There are 2 protein chains.
Amino acid sequence: MPKVGMEPVRRKALVDAAMRVIGDHGSLTVTMSEIAKQAGVSPALAHHYFGSKEQLLIETVRVHLQRLRDSVVTALRKAKTPREKLSAVIRVSFQADQFAPETIAAWLAFYAEAQRSEETRRFLVIYARRLHSNLVANLKALCSASDAARIAEGAAAMIDGLYIRQGLGSAPISTEASIALTEDYLTTNLNALKG
Amino acid sequence: MPKVGMEPVRRKALVDAAMRVIGDHGSLTVTMSEIAKQAGVSPALAHHYFGSKEQLLIETVRVHLQRLRDSVVTALRKAKTPREKLSAVIRVSFQADQFAPETIAAWLAFYAEAQRSEETRRFLVIYARRLHSNLVANLKALCSASDAARIAEGAAAMIDGLYIRQGLGSAPISTEASIALTEDYLTTNLNALKG
DNA sequence: TATTTTTGATTGACTGATCAATCAATAAAA
DNA sequence: TTTTATTGATTGATCAGTCAATCAAAAATA
């Protein structure tokens, strides 16, 4: 079996498996065995590459936030005007894979974990700040800095809130409806300033 | 020691202890021992009264949501006009004890748990629906039913989002700022309809 | 009132299961 | 042969849940 150069392959497989298992389970109290099984390796190998369960979970957060970031960067590049860039940021937040119930469940679990794990919190804070600053940067082209800060705060909260409510699955909102609500928030606020 | 009629006293103590320990710990992976210790009783007694850890946690959610509901009812009674009632609902959501970091951490943990525990989800869904319907009921007095539904959806999402972001502690927002943002959302939307 | 019986409250000690983490051993490439 | 990949077996710790025993108040009885 042992071919050389498996490390990056296994790491990716384990990180992906962790996300899937955590999403299905809706909690971080998943066993290394489950994750390893999902990745098609032994639990011992997971420990070999990550050292500990905690480290694997932290890596899982890091990698998935990195991917999210890449999506945002790509979407921002495609958009031309500030208003289009704002829409792009919103759209990525609600894109299909992010809005899947298991993905939401996983993020929810990580948000809870951030209460305990300093490193997990650090990554989530970086993400939150980036979202905020992307919004502010483009809003500034359309209104004053102080208004931009306020609107960005509200929009970010709304995005996160729509997420958590989607996770509950009480009143399942479609991707389009979520985007529409957030877009509407921006539009209404910007119009109110003009008028 | 044994005085008769301790059951309700112990149940309350354990439910309160659970909330505190979960909040401090930022997770539901707390031991019955910790909870019992915090409540000043033995772990065995916790099992005696609640049967299982899961049942204690479910009771904890139920009791605390009930208290939240009572707060809302009281606040609604004091408010006169629909617009005042909307403000009352918002204010209760962000009232001091609800906005404390440990309380937020606990709710976050329960939201995550709702992915697994049918009963926990049921209670949280009931709360979400009630928040929504309180908002809709009073908005209807100020705008059309369809606008009311939309605005309520946005406001509820914003409230939940401000919560989760507060929990992260990245950009700590004050109670007043959170209330202001949500109020502003309502006002701006209602004005946009009039204008 | 004094004594006995009953019952609710309470716990220490124990058990069985689970799980993260370790390690020594194996197998295949280099 | 040395290095890298991989796992089965094992360990040690943790914890939910159980149980038999204790203690003291209350209720019944004398």
Side-chain angles (χ1 to χ4, degrees), chain A residues 1-61 106 109-110 112-113 116-120, chain B residues 1-22 24-61 109-110 112-113 116-120:
Chain A
M1 284 183 223
K3 264 185 297 188
V4 128
M6 291 306 287
E7 177 156 354
V9 176
R10 297 306 188 202
R11 290 188 92 96
K12 181 177 183 311
L14 283 163
V15 157
D16 288 343
M19 194 69 174
R20 211 167 326 133
V21 171
I22 290 166
D24 287 343
H25 211 259
S27 154
L28 294 192
T29 62
V30 295
T31 65
M32 286 296 258
S33 296
E34 282 175 277
I35 297 173
K37 191 176 179 184
Q38 176 73 217
V41 298
S42 75
L45 194 65
H47 273 99
H48 174 65
Y49 282 127
F50 289 93
S52 72
K53 182 184 171 184
E54 188 176 9
Q55 211 49 48
L56 168 54
L57 296 184
I58 288 171
E59 267 299 288
T60 302
V61 172
F110 283 124
E113 174 70 3
R116 296 193 291 164
S117 160
E118 179 56 44
E119 239 170 321
T120 300
Chain B
M1 286 178 220
K3 266 184 297 187
V4 127
M6 291 307 286
E7 177 156 355
V9 176
R10 295 308 187 202
R11 291 188 89 98
K12 181 176 183 312
L14 283 162
V15 157
D16 288 343
M19 193 70 173
R20 210 168 326 132
V21 171
I22 290 167
D24 287 342
H25 210 260
S27 152
L28 295 193
T29 61
V30 294
T31 65
M32 286 295 258
S33 297
E34 281 175 278
I35 297 173
K37 191 176 179 183
Q38 176 73 217
V41 299
S42 74
L45 193 65
H47 274 99
H48 174 65
Y49 282 129
F50 288 94
S52 71
K53 183 184 170 184
E54 186 176 10
Q55 211 50 49
L56 168 55
L57 296 184
I58 288 171
E59 268 299 288
T60 303
V61 172
F110 283 125
E113 174 70 3
R116 296 194 293 163
S117 160
E118 179 56 44
E119 241 170 320
T120 301

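The figures that follow rest on heavy atoms only: side chains count, while hydrogens, waters and symmetry mates do not. Keep in mind it's a predicted model, so treat the numbers as computed, not measured. In what follows, chains are A, B, ... by sequence order, proteins preceding strands, each numbered from 1.
Remark: C1' of C:dA20 and CZ of A:Phe50 are 16 Å apart, rounded to the nearest angstrom. Following rounding to the nearest Å, A:Met32 (CE) and C:dT22 (P) show an atom-to-atom distance of 10 Å. Between B:Glu54 atom CD and D:dA16 atom P the separation is 13 Å, expressed in whole Å. Nucleotide C:dA20 holds its C1' atom 15 Å from the CG atom of A:Leu28, rounded to whole Å. The separation between B:Glu7 atom CD and D:dA25 atom P is 19 Å, rounded to whole Å. Separating the CD1 atom of A:Ile35 from the P atom of C:dA21 is a distance of 11 Å, rounded to the nearest angstrom. Atom CZ in A:Arg11 sits about 13 Å away from atom P in D:dT6, given to the nearest Å. D:dC23 atom C1' lies 14 Å from atom CG of B:Leu45, rounded to whole Å.
When distances are taken from the side chain of A:Ser42 to each of D:dA16, C:dA9, D:dT7, the shortest belongs to D:dT7. For B:Ala44, whose side chain is taken as the heavy atoms from C-beta onward, the closest listed nucleotide among D:dT6, C:dT11, D:dA16 is C:dT11. Considering only the side chain of A:His47, C:dA21 comes nearest among C:dA21, D:dA16, D:dT7. The listed nucleotides are C:dA21, D:dA16, D:dA5; the one nearest the side chain of A:Met6 is D:dA5. Closest to the side chain of A:His48, from the set D:dT6, D:dA16, C:dA20, is D:dT6.
The distance from atom CZ of A:Arg11 to atom OG1 of A:Thr60, rounded to the nearest 0.5 Å, is 10.5 Å.
As judged by a 4.0 angstrom heavy-atom cut-off over every strand, A:Val9 is placed among residues making no nucleic acid contact. Among the atoms of the strands shown, only primed sugar atoms or phosphate atoms (P, OP1, OP2) are found under 4.0 Å from some heavy atom of B:Tyr49. Residue A:Thr31 is in sugar-phosphate contact alone, with no base atom involved, counting any heavy-atom pair closer than 4.0 Å across all strands shown.
For C:dG8, neither phosphate oxygen OP1 nor OP2 lies less than 4.0 angstrom from any side-chain nitrogen or oxygen of B:Arg10.
Position along DNA chain C of the nearest nucleotide to A:Lys53 versus B:Pro8 favours B:Pro8 as the more 5'-ward residue. Mapping A:Pro43 and A:Thr29 onto DNA chain C by nearest heavy atom places A:Thr29 closer to the 5' end of the strand.
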Self-check item: Trace of the side-chain contact (heavy atoms from CB on, under 4.5 Å) decision for A:Lys53 with A:Leu57
Solution: CA-CA 6 Å; A:Lys53 182 184 171 184; A:Leu57 296 184; 4.3 Å; yes
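Listed by chain and residue number, A:Arg62 satisfy the salt bridge (Lys or Arg N to Asp or Glu O under 4.0 Å) test with A:Glu59 (two or more places apart in sequence, or in another chain).
Pairing each heavy atom of B:Met32 with each of B:Ala46, the nearest pair is CE-CB, 4.0 Å.
With respect to the salt-bridge test (charged N to carboxylate O, under 4.0 angstrom), the residues B:Arg20 and B:Asp16 do not qualify.
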